[in-house]
2 protein chains.
Amino acid sequence: MTPGATAAGPDPDDAGRPAPSRRPGGRSARVRARVLDAVRAQLVEHGYDGLTVDAVAARAGVHRTTVYRRWRDVGGLLADVLDAAGDDDWRPEDTGGLESDLVALNREVHAALTERPSITAALIAASFRSTEAADALRRFWEDRYARCEVVVHRAVRRGEVPADTDARGLLVAATAPLYHRLVLLRTPPDPRLPEDAARAAALAAAAGAFVGP
Amino acid sequence: MTPGATAAGPDPDDAGRPAPSRRPGGRSARVRARVLDAVRAQLVEHGYDGLTVDAVAARAGVHRTTVYRRWRDVGGLLADVLDAAGDDDWRPEDTGGLESDLVALNREVHAALTERPSITAALIAASFRSTEAADALRRFWEDRYARCEVVVHRAVRRGEVPADTDARGLLVAATAPLYHRLVLLRTPPDPRLPEDAARAAALAAAAGAFVGP
DNA sequence: ATGGTAAAGCAACTGTTGTTGCTTTAAGGA
DNA sequence: TCCTTAAAGCAACAACAGTTGCTTTACCAT
């Protein structure tokens, strides 16, 4: 549910992540893999401020101009990392109940946003500097929220919420407080935040808060 | 409820905003007023990307070094703007009901986040580049949410929600979806978003979602 | 094997951002 | 009115981000 998680899905153009010796694909694919690795590593070690094109190029053992030409700037690099992160087989956990499903979801989000340093937080920050990164992040989240809608469909099937519940609205209501507090408000992390937000959203949904007017 | 609103409160050190001819205070106060004016104007006209120290200095008719020395960087400038914006007498509207109070609140937030260009959005973006701006924004929001708690107290008094309702939790739940959708997810603005989010939060609160475990 | 082509490497240049030592200005108190 | 002092102005500099024209490399298909 978060772009920080290391993707491992197959990508014909890309090359997995840490292959012992030989990577498939031509020189371009090798360079791309090395550069994206460097971006992630640099981000983890020095945060967003330490993420310059020069640093990434040096770390990847690649020339500056190569990076400038293929990715244009830091935002382009992060957009590529983001797109690569979306190529996985992530699915929301099925715990058997709406509230607990949402709690599981929120725990993932909470963990991704509170780890130090947080790749997720760095990518969000980057989305404010680069429209490319912003677009990539929007695509990523669109995809993730779409995958999460099954959680609501299951709840409908179980009769926990009305049949015409707006899945997206419910999911956003459940997760938004985490992002708001941790990313925007920057309040100290509260370990029971995931549970609280999930419970409130589940209660509101059961009360019919997410059906049309 | 948003830093974009032009502050008009008194500040002994500062000088209001648009005084016809003569401003009180010495040269420093005059320079500060001119520079902060320039920041706001530049932000409105050219967005965050056009907000460079040089542009602000030129616009304010002040030397680059003066700005660098007093504010250090763009983040410092915005932090000062933010602090000045907090010095007003804003209070949440009293509409007579919890849900409608929250709707009124959300309409303000929605308007501030969707206007083009949005000073609020620019300040949020800036908070990711500068810890100074981030701190100022946190202070600003802490203050605003504190002022909003009266909305919940009134609802408690009316018996709309349980007495031990967590005011902050409810307020965050009501407003977070707006910030999440408009700032982070960047979904196209939906005019009924304020109502929907307010309704969901009010329903959840009435169902006791924001009382301790 | 070998030649065409796309991508990587290289070096030199431009423009912006931020810094520093010093000079000048003006507000405010004696 | 003059003198002190803090802050603004100035110019020159350093560091760095990003660009461009050209050369070299290596993948791949013939």
Side-chain angles (χ1 to χ4, degrees), chain A residues 11-15 19 21-39 42-43 46-80 122 125-126 128-133, chain B residues 12-15 19 21-39 42-43 46-80 125-126 128-133:
Chain A
D11 182 350
D13 188 28
D14 182 19
S21 53
R22 212 77 192 119
R23 291 175 195 276
R27 182 163 67 154
S28 298
R30 227 157 42 230
V31 166
R32 180 165 112 109
R34 288 230 310 270
V35 168
L36 294 194
D37 281 346
V39 170
Q42 188 73 10
L43 209 47
H46 303 282
Y48 187 89
D49 295 326
L51 191 72
T52 66
V53 171
D54 283 27
V56 168
R59 178 160 210 146
V62 158
H63 204 267
R64 289 156 20 86
T65 34
T66 298
V67 177
Y68 276 117
R69 278 205 254 254
R70 276 187 65 172
W71 287 276
R72 185 186 161 84
D73 58 15
V74 183
L77 284 168
L78 286 164
D80 204 6
F128 286 97
R129 303 202 197 182
S130 146
T131 58
E132 255 183 301
Chain B
D13 187 29
D14 183 17
S21 53
R22 212 80 192 113
R23 292 174 194 278
R27 182 162 68 152
S28 298
R30 227 158 41 230
V31 165
R32 179 165 112 110
R34 288 229 309 270
V35 168
L36 294 194
D37 281 345
V39 170
Q42 187 73 10
L43 209 48
H46 303 282
Y48 186 89
D49 295 326
L51 191 73
T52 66
V53 171
D54 282 26
V56 168
R59 177 161 212 146
V62 158
H63 204 269
R64 291 157 19 86
T65 34
T66 298
V67 178
Y68 276 117
R69 278 203 254 255
R70 275 187 68 172
W71 287 276
R72 185 185 160 84
D73 58 14
V74 183
L77 284 168
L78 286 165
D80 204 3
F128 286 98
R129 303 203 197 183
S130 145
T131 58
E132 256 182 299

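Sequence lines set the chain letters: A, B, ... in the order given, protein chains first and strands last, and positions in each chain run from 1.
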Round to the nearest Å and state the distance from [X] atom [atom1] to [N] atom [atom2].
{"X": "R34(B)", "N": "dG9(D)", "atom1": "CZ", "atom2": "P", "result": "8 Å"}
{"X": "R32(A)", "N": "dA7(C)", "atom1": "CZ", "atom2": "P", "result": "13 Å"}
{"X": "H63(A)", "N": "dA11(C)", "atom1": "NE2", "atom2": "P", "result": "7 Å"}

* When you check the gap from the basic side-chain N to the acidic O, do D80(B) and R70(B) get nearer than 4.0 Å? ->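 No, no charged N to carboxylate O under 4.0 Å.
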* Electrostatic pair R129(B):D73(B) at N-O distance under 4.0 angstrom ->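 Here R129(B) does not pair with D73(B) in a salt bridge, since their nearest N and O are not under 4.0 Å apart.
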* Name all residues meeting the ring-ring contact (aromatic ring centres under 6.0 Å, His included) criterion together with Y68(A); count only those two or more places apart in sequence or in a different chain, and write none if there are none. =>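 For Y68(A) there are no ring-ring contact (aromatic ring centres under 6.0 Å, His included) partners, ignoring immediate neighbours.
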Between [N] and [X], is there an OP1 or OP2 to side-chain N/O distance shorter than 4.0 Å?
{"X": "R30(B)", "N": "dA27(C)", "result": "yes"}
{"X": "R69(A)", "N": "dT19(D)", "result": "no"}
{"X": "Y68(B)", "N": "dG18(C)", "result": "yes"}

* To do: Give R70(B) one of three labels, base, sugar-phosphate or nothing, depending on what nucleic acid heavy atoms sit under 4.0 Å from its own.
  =>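 It contacts sugar-phosphate atoms only.
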* Asked: What is the nucleic acid contact for D73(B), judged by heavy atoms within less than 4.0 Å: base, sugar-phosphate only, or nothing?
  ->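 No contact at all - D73(B) keeps every heavy atom at 4.0 Å or more from the nucleic acid.
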* Kindly indicate whether the side chain of R64(B) and the base of dG18(C) share any N or O donor-acceptor pair separated by less than 3.5 Å? =>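 Check passes, donor-acceptor contact within cut-off.
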* R72(A) (side chain) and dT19(D) (base): donor-acceptor pair under 3.5 Å ->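 No pair found.
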* Between T65(A) and T52(A), which is nearer to the 5' end of DNA chain D once each is assigned its nearest nucleotide? ->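 The residue whose closest nucleotide sits nearer the 5' end is T52(A).
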* Run through R69(B), H63(B), R64(B) and flag the one making a side-chain contact (heavy atoms from CB on, under 4.5 Å) with T66(B). =>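 Answer to the side-chain contact (heavy atoms from CB on, under 4.5 Å) test with T66(B) among R69(B), H63(B), R64(B): H63(B).
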